[in-house]
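Throughout, numbering of the chain's residues begins at 1 and tracks the sequence. Remember, it's 1-based here, ligands and their atoms both numbered in the order they're listed.
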Amino acid sequence: MAFFNHLARRSFAQSAAMANAIKNVTVIGSGLMGSGIAQVAAQTGHNVTMVDIDPVAVEKAQKRIGASIARVAKKKFGEGDDAAKFMNESMSHLKTSTDAVASVESADLVVEAIVENLKVKKELFSKLDGAAPAHTIFASNTSSIPIAKIAEATSRLDRFGGLHFFNPVPVMKLLEVVRIPETSDGTYEAMKGWGKAMGKVTVECKDTPGFIVNRLLVPYMFEAVRLVERGEASPRDVDTAMKLGAGHPMGPFELMDYVGLDTGKFIIDGWHADYPDEEIFKPSPMLEKLVADGKLGVKSGEGFYSYKK
Ligand SMILES: C[C@H](O)CC(=O)SCCNC(=O)CCNC(=O)[C@H](O)C(C)(C)COP(=O)(O)OP(=O)(O)OC[C@H]1O[C@@H](n2cnc3c(N)ncnc32)[C@H](O)[C@@H]1OP(=O)(O)O
Ligand SMILES: NC(=O)c1ccc[n+]([C@@H]2O[C@H](COP(=O)([O-])OP(=O)(O)OC[C@H]3O[C@@H](n4cnc5c(N)ncnc54)[C@H](O)[C@@H]3O)[C@@H](O)[C@H]2O)c1
């Protein structure tokens, strides 16, 4: 018994050490998710580098982070000096870059939150694998792509996993921590420990399609789309029904606009390719048209609804 207690203590100590070892975090992608992850990492005292290939995206992300940190600071500290101190300290932990390779040179953890496309994600990780130190853990925030397929691009399968955050990251408490068969126990404990250090509640999940939340949420959202495409109800009424009848904070159309319709299309197209017989994953004419028209939801000013001021 004493021996097992000793082992348990040791493994706890090791995981605590690994989690504490994650100090320098590189977040690749400064869109909706990358900016949220970078913000929370900076707020919780990590040294963060947020990277995007698009300098305009970086600029927009900085503005979004500034506005969001101000909301968090007000909630935590009200209007006084402590709020200003929290904002300044958080921002002082955040650097930006457009050079992904140079940005991982001293990273303990790399969290990828770029476009939901396997080829693009693999190209990125393959470049980063040669540039990052041996100890660096790589994680993807993918919504729907198997982590194992992304990890194939690297030679560090034992230091690879999924860290799936939820939008808006500064508000949503959940973090799904995903392991592939090769993920080492040390890596997994470090990822979970980092999630806790970020103030998140972590749940564990294997590398199964959609993990937990999206396995349930994505079919739900696409059932709503089919309902409307069949002319059985309007988006507004579906949203009202799910908010008032099921207690959801947003209806499925509001939520799809919030997530981004391009991201929704990437998810469903990927699953359609993998599971061509599943009716629910077949292309939706309504979604195809909105995306083709550049109506990507809240982020572009219009999706199922208009957000133009
Ligand atoms: C597809 C992917 O793989 C997975 C996903 O991410 S799926 C999407 C998951 N996300 C959801 O389901 C979100 C559902 N929606 C919600 O929970 C809520 O509508 C919401 C939290 C987004 C907004 O809440 P709502 O009450 O409508 O608006 P609002 O009053 O502006 O915000 C509520 C609180 O959150 C804070 N907040 C909202 N957005 C914020 C942000 N971006 N940054 C910081 N704080 C924010 C507000 O300051 C406010 O704080 P308070 O309670 O102290 O006043
Ligand atoms: N939107 C959501 O609600 C949500 C929630 C959880 C997970 N995710 C996942 O997170 C990832 C990002 O989603 P998002 O909503 O933030 O997308 P987004 O479109 O808001 O941002 C993606 C960013 O990645 C950048 N980018 C593209 N290729 C790049 C590259 N090679 N190197 C560096 N930057 C690159 C783009 O310029 C863009 O700024 C996706 O995998 C998505 O499935 C999204």
Side-chain angles (χ1 to χ4, degrees), residues 26-40 43 49-61 64-78 90 96-101 103-104 110-128 139-145 147 150 162-176 178 210-218 220-221 239 242-243 247-252 254-270 291 296-300:
T26 301
V27 180
I28 320 249
S30 73
L32 289 177
M33 296 306 290
S35 63
I37 297 164
Q39 174 189 332
V40 176
Q43 274 171 209
T49 308
M50 178 180 70
V51 185
D52 204 291
I53 34 165
D54 178 2
V56 177
V58 174
E59 217 174 286
K60 282 189 184 165
R64 202 164 42 241
I65 291 173
S68 178
I69 287 195
R71 290 174 86 170
V72 174
K74 192 172 171 199
K75 194 167 179 173
K76 271 177 176 281
F77 303 105
S90 300
T96 63
S97 171
T98 51
D99 184 345
V101 168
S103 302
V104 298
V110 174
V111 183
E112 168 274 312
I114 68 168
V115 62
E116 186 73 343
N117 177 304
L118 176 60
K119 188 166 168 280
V120 182
K121 287 187 192 288
K122 283 180 81 167
E123 278 167 11
L124 173 73
F125 275 119
S126 150
K127 277 193 287 181
L128 302 185
S140 175
N141 179 54
T142 179
S143 300
S144 62
I145 300 172
I147 301 296
I150 306 172
L163 286 168
H164 186 223
F165 288 87
F166 294 84
N167 184 22
V169 182
V171 178
M172 303 301 281
K173 293 292 289 177
L174 186 68
L175 174 64
E176 290 177 332
V178 181
F211 316 128
I212 300 172
V213 171
N214 284 343
R215 180 69 161 265
L216 303 175
L217 194 60
V218 173
Y220 153 76
M221 292 195 283
D239 281 348
M242 292 312 292
K243 286 189 287 186
H248 290 199
M250 286 176 170
E254 291 167 331
L255 188 55
M256 279 185 277
D257 273 357
Y258 198 66
V259 164
L261 300 188
D262 50 345
T263 300
K265 180 171 151 53
F266 281 128
I267 296 174
I268 212 74
D269 286 351
V291 174
L296 307 181
V298 179
K299 67 181 167 188
S300 73

J.: Once you restrict to heavy atoms under 4.0 Å, what part of Leu217 touches ligand 1? Side chain, backbone, both or neither.
T.: side chain

J.: Among all protein heavy atoms, pick out the one at the shortest distance from atom 19 (O) of ligand 1; state its residue, atom name and that distance to 0.1 Å.
T.: Met250 CE, 3.5 Å

J.: Is there at least one pair of N or O atoms, one from Gln39 and one from ligand 1, spaced under 3.5 Å apart?
T.: no

J.: Atom 5 (C) of ligand 1: which protein heavy atom is closest, and how many Å away?
T.: Phe166 CD2, 3.5 Å

J.: Kindly identify the option in Lys127, His164, Lys299, Lys60 whose heavy atom sits closest to atom 19 (O) of ligand 2.
T.: Lys299

J.: Just to confirm my output: which protein heavy-atom neighbour is closest to atom 17 (O) of ligand 1, and how far is it?
T.: Pro249 CG, 3.7 Å

J.: Considering only the protein, which heavy-atom contact is closest to atom 35 (O) of ligand 1, and what is its distance?
T.: Val171 CG2, 3.8 Å

J.: Heavy-atom pairs closer than 4.0 Å: do any link ligand 1 to the side chain of His164, the backbone, both, or neither?
T.: side chain

J.: Ignoring angles and geometry beyond distance, decide whether Ser143 reaches within less than 3.5 Å of ligand 1 through its nitrogen or oxygen atoms.
T.: yes

J.: Main chain of Ala57, side chain of Asp52: is a donor-acceptor contact present, judged purely on distance under 3.5 Å?
T.: no

J.: Would you please determine whether Phe166 falls within less than 4.0 Å of ligand 2 on a heavy-atom basis?
T.: no

J.: Show which atoms of ligand 2 fall inside a sub-4.0 Å distance from at least one heavy-atom site of Ile28.
T.: 33 (C)

J.: Any idea which protein heavy atom is nearest atom 12 (O) of ligand 1, and the distance to it?
T.: Leu255 CD1, 3.5 Å

J.: Kindly identify the option in Ile114, Asp99, Val51 whose heavy atom sits closest to atom 11 (C) of ligand 2.
T.: Ile114

J.: At what distance is the nearest protein heavy atom to atom 29 (P) of ligand 1, and which residue and atom is it?
T.: Arg71 NH2, 3.9 Å

J.: Which protein heavy atom lies closest to atom 33 (C) of ligand 2, and at what distance to 0.1 Å?
T.: Ile53 N, 3.4 Å

J.: Checking a contact table here: which protein heavy atom is nearest atom 34 (C) of ligand 1, and how many Å away?
T.: Lys75 NZ, 4.4 Å

J.: Could Glu123 and Lys127 be called an ion pair, given the rule that one side-chain N must be under 4.0 Å from one carboxylate O?
T.: no

J.: With a 4.0 Å cut-off on heavy atoms, is His248 in contact with ligand 1?
T.: no

J.: Assess Lys121 for proximity to ligand 2: is some non-hydrogen atom of it under 4.0 Å away?
T.: yes

J.: May I ask you to check if ligand 2 and Leu32 share an N or O to N or O distance below 3.5 Å?
T.: yes

J.: Among all protein heavy atoms, pick the one closest to atom 41 (C) of ligand 1 and tell me residue, atom and distance.
T.: Ser68 OG, 3.7 Å

J.: Could you tell me whether atom 46 (C) of ligand 1 has at least one protein heavy atom nearer than 4.0 Å?
T.: yes

J.: May I ask you to list the atoms of ligand 2 that are less than 4.0 angstrom from any heavy atom of Ala57?
T.: 39 (O)

J.: Tell me whether Lys60 at atom NZ has more than 12 heavy atoms from other residues, nucleotides or ligands lying less than 6.0 Å away.
T.: no

J.: Just jot down the ligand 1 atoms closer than 4.0 angstrom to any heavy atom of Asn167, in number order.
T.: 6 (O), 8 (C), 9 (C), 10 (N), 11 (C), 13 (C)

J.: For ligand 1, does Asn214 get within less than 4.0 Å through its side chain, its backbone, both, or neither, judged by non-hydrogen atoms?
T.: side chain

J.: Just to confirm, does any protein heavy atom lie below 4.0 Å from atom 43 (N) of ligand 1?
T.: yes

